[in-house]
Each structure stands twice: as structure tokens, then as C-alpha cells.
Amino acid sequence: MNEFSLSLDSDREFMQIACEQARLAWTLGEVPVGAVIVRDGVVIATGHNRPIANHDPTAHAEIMALRAAAALLGNYRLPGCELFVTLEPCIMCAGAMMHARLSRVIFGASDPKTGVAGSVMNIFGQSQLNHHTRVTTGVMATECSALLRDFFAERRLLAQQKKNGITMLSDMP
């Protein structure tokens with residue numbers, strides 16, 4: 001096995017943990033996005049979306065993981081750390097990642113509406129910026145996309161049922 005295939009295997013392993021975090025967000029009624037921060041091959045922090053629960057527009061999965069990693073390491077800089085996230089970062093999260101000096105960002109699903117790691121724009125590719133974070137795209141993209149697609153399909157179905165006055169058994173007293 002060569003170095004590339006070992007890296008791909010570990011990327012998938014860490015993205016699987018990010019997917020578990022995304023599923024946790026889903027159970028809490030949040031958009032299912034999960035993140036994991038790894039240093040020297042060891043998970044040091046995880047995060048999942050919490051903007052609704054925290055009443056905080058900045059409580060994205062990536063920000064939650066960055067905060068936990070920074071607290072653990074006692075430093076707002078996270079050199080040598082990699083962040084795995086199930087969805088392409090938005091501009092807020094990408095900026096925080098660059099300020100944290102992450103060595104690499106790995107994401108699963110592309111976000112054609114707000115993604116700034118290549119979809120809407122590529123903030124990581126701006127040569128004028130003083131820190132450059134490597135980006136790996138498409139790791140477990142199918143699985144990560146399915147989480148989001150299934151979540152929103154469920155939300156639409158529940159909204160339609162509510163509109164039509166259908167009560168689910170679990171909603172009954």
C-alpha cells in the first residue's frame with residue numbers, strides 16, 4: 001500500500017467520525033453537518049451544527065470543533081491540525097480555519113450555494129492572503145450529500161404533513 005492510499009484510508013476514517021457528528025446534529029434538529037479536528041493522526045476535537053440550540057449564528061460544526069481544539073491546546077493557532085467536515089465550508093468558517101492556521105481542510109459534500117472552497121468561490125486559493133491551507137475535496141461525498149438530502153427531504157415531508165393536518169403517532173400524547 002502506498003502513502004496516497006494510506007492517506008485516503010485515514011481521510012475516510014476521520015470523515016466517518018464527522019458523519020457521526022452530523023447524524024448527532026440531525027437528532028437535535030440541526031442541519032446535519034459534522035466536523036473533526038485531527039493532529040498527528042489523533043482526533044482532538046469534534047463539533048456538530050448548533051446554531052438553533054445555541055441561538056448563535058456562528059455555531060457551525062467547524063467553529064464548534066475549532067473552539068474545542070483551541071481550548072484543548074491552549075492556543076488560538078492550530079498548526080499541524082487538519083479539519084474534516086461533511087460540507088464545504090462557508091466564508092465564515094473558512095476565514096476561521098485560515099486564522100487558526102490549519103494545515104489542511106478536508107470536506108465531503110460540495111455546497112453550490114455558500115461553499116467557498118471551490119463552489120461559489122475559492123477563498124483558500126487567494127494568493128494575497130498570508131496563510132494558505134491545503135484543501136482536499138470529495139471525501140465520502142456521496143455519504144455526506146445523502147445526509148443533507150435525506151434531512152431536508154424529511155423536513156419537507158414533515159412540513160407537508162403538518163400543512164395537511166396529518167399527525168404522526170409519535171406526536172400524539
Side-chain angles (χ1 to χ4, degrees), residues 8-39 42-72 78 81-97 100 102 104-120 123 135-173:
L8 186 58
D9 289 344
S10 63
D11 283 359
R12 288 184 59 79
E13 175 186 335
F14 295 127
M15 189 60 75
Q16 184 59 47
I17 298 168
C19 285
E20 291 169 12
Q21 288 293 307
R23 284 188 281 279
L24 177 58
W26 185 339
T27 65
L28 300 172
E30 302 277 359
V31 174
V33 178
V36 174
I37 296 182
V38 174
R39 184 175 186 185
V42 176
V43 173
I44 63 166
T46 60
H48 57 274
N49 266 2
R50 296 196 46 88
I52 297 167
N54 288 10
H55 309 289
D56 179 356
T58 69
H60 289 193
E62 302 96 308
I63 301 297
M64 302 305 289
L66 286 167
R67 289 173 181 162
L72 177 76
L78 304 173
C81 291
E82 299 176 313
L83 188 146
F84 293 78
V85 61
T86 57
L87 181 64
E88 181 179 359
C90 70
I91 197 161
M92 173 187 70
C93 293
M97 291 171 193
L102 294 174
R104 187 167 72 122
V105 171
I106 305 90
F107 71 86
S110 294
D111 185 349
K113 293 183 179 179
T114 64
V116 297
S119 289
V120 175
I123 196 79
V135 177
T136 301
T137 66
V139 175
M140 294 180 57
T142 301
E143 296 90 335
C144 294
S145 295
L147 275 168
L148 291 158
R149 184 183 58 247
D150 295 348
F151 172 80
F152 286 111
E154 179 182 86
R155 295 288 282 275
R156 286 188 299 275
L157 177 64
L158 292 172
Q160 187 63 41
Q161 288 174 340
K162 185 176 181 179
K163 179 181 172 187
N164 294 335
I166 299 171
T167 303
M168 302 300 294
L169 290 177
S170 61
D171 295 339
M172 299 177 103

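Inter-residue side-chain proximity for His48 and Met64 is flagged as unmet; no heavy-atom pair is nearer than 4.5 Å. Residues His60 and Val33 form no side-chain contact, since every pair of their non-hydrogen atoms from C-beta on lies 4.5 Å or further apart. With a 4.5 Å cut-off on side-chain heavy atoms, Thr86 and Leu148 do not count as touching.
What you find for Val85 and Met15 is that their closest heavy atoms are O-CE, 3.4 Å. Nearest heavy-atom pair across Ala45 and Ala69 is CB-N, 3.6 Å. Across all their heavy atoms, Cys144 and Ala109 have their closest contact at CB-N, 3.7 Å. Ile123 and Ala94 get closest at one heavy-atom pair: CG2-CB, 3.5 Å. Summarising the geometry of Pro89 relative to Glu62, their closest heavy-atom pair is CA-OE2, 3.6 Å, with the distance given to 0.1 Å. Across all non-hydrogen atoms, the minimal contact from Val135 to Thr137 is CG1-CG2, 3.9 Å.
Atom OG1 of residue Thr136 and atom CZ of residue Arg104 lie 4.0 Å apart, to the nearest 0.5 angstrom. With rounding to the nearest 0.5 Å, the separation of OG1 in Thr142 from CZ in Arg149 is 8.5 Å. Between the CD1 atom in Ile17 and the OG1 atom in Thr46 there is a gap of 9.0 Å [rounded to 0.5 Å]. If you take CG on Leu78 and CE on Met97, they are separated by 11.0 Å, rounding to the nearest 0.5 Å. His55 NE2 to Arg50 CZ: the interatomic distance, rounded to the nearest 0.5 Å, is 10.0 Å. The distance from the CG atom of Asp111 to the CG atom of Leu87 is 4.5 Å, given to the nearest 0.5 Å.
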- [ ] Kindly determine whether Leu102 and Leu66 satisfy side chain to side chain contact (heavy atoms under 4.5 Å, CB included), including the steps that lead there.
- [x] CA-CA 10 Å; Leu102 294 174; Leu66 286 167; 4.1 Å; yes

Open item on the list: What verdict does the side chain to side chain contact (heavy atoms under 4.5 Å, CB included) test give for Leu147 and Cys19, after you've listed the backbone C-alpha separation in whole Å, the side-chain angles of each residue and the deciding distance to 0.1 Å?
Closed with: CA-CA 8 Å; Leu147 275 168; Cys19 285; 4.2 Å; yes

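Remark: the backbone N or O of Gly118 is paired with a side-chain donor or acceptor of Glu88 at under 3.5 angstrom. The main-chain N or O of Val31 is found under 3.5 Å from a side-chain atom of Asn49 such that the two form a donor-acceptor pair. Side-chain atoms of Glu30 come within 3.5 Å of backbone atoms of Ala53 as a donor-acceptor pair (strictly under, hydrogens ignored).
Phe151 and Trp26 have perpendicular rings, their planes meeting at more than 60° on a 0 to 90° scale where under 30° would count as parallel.
Within a 6.0 Å sphere centred on CZ of Arg39, heavy atoms belonging to other residues, nucleotides or ligands number 12 at most.
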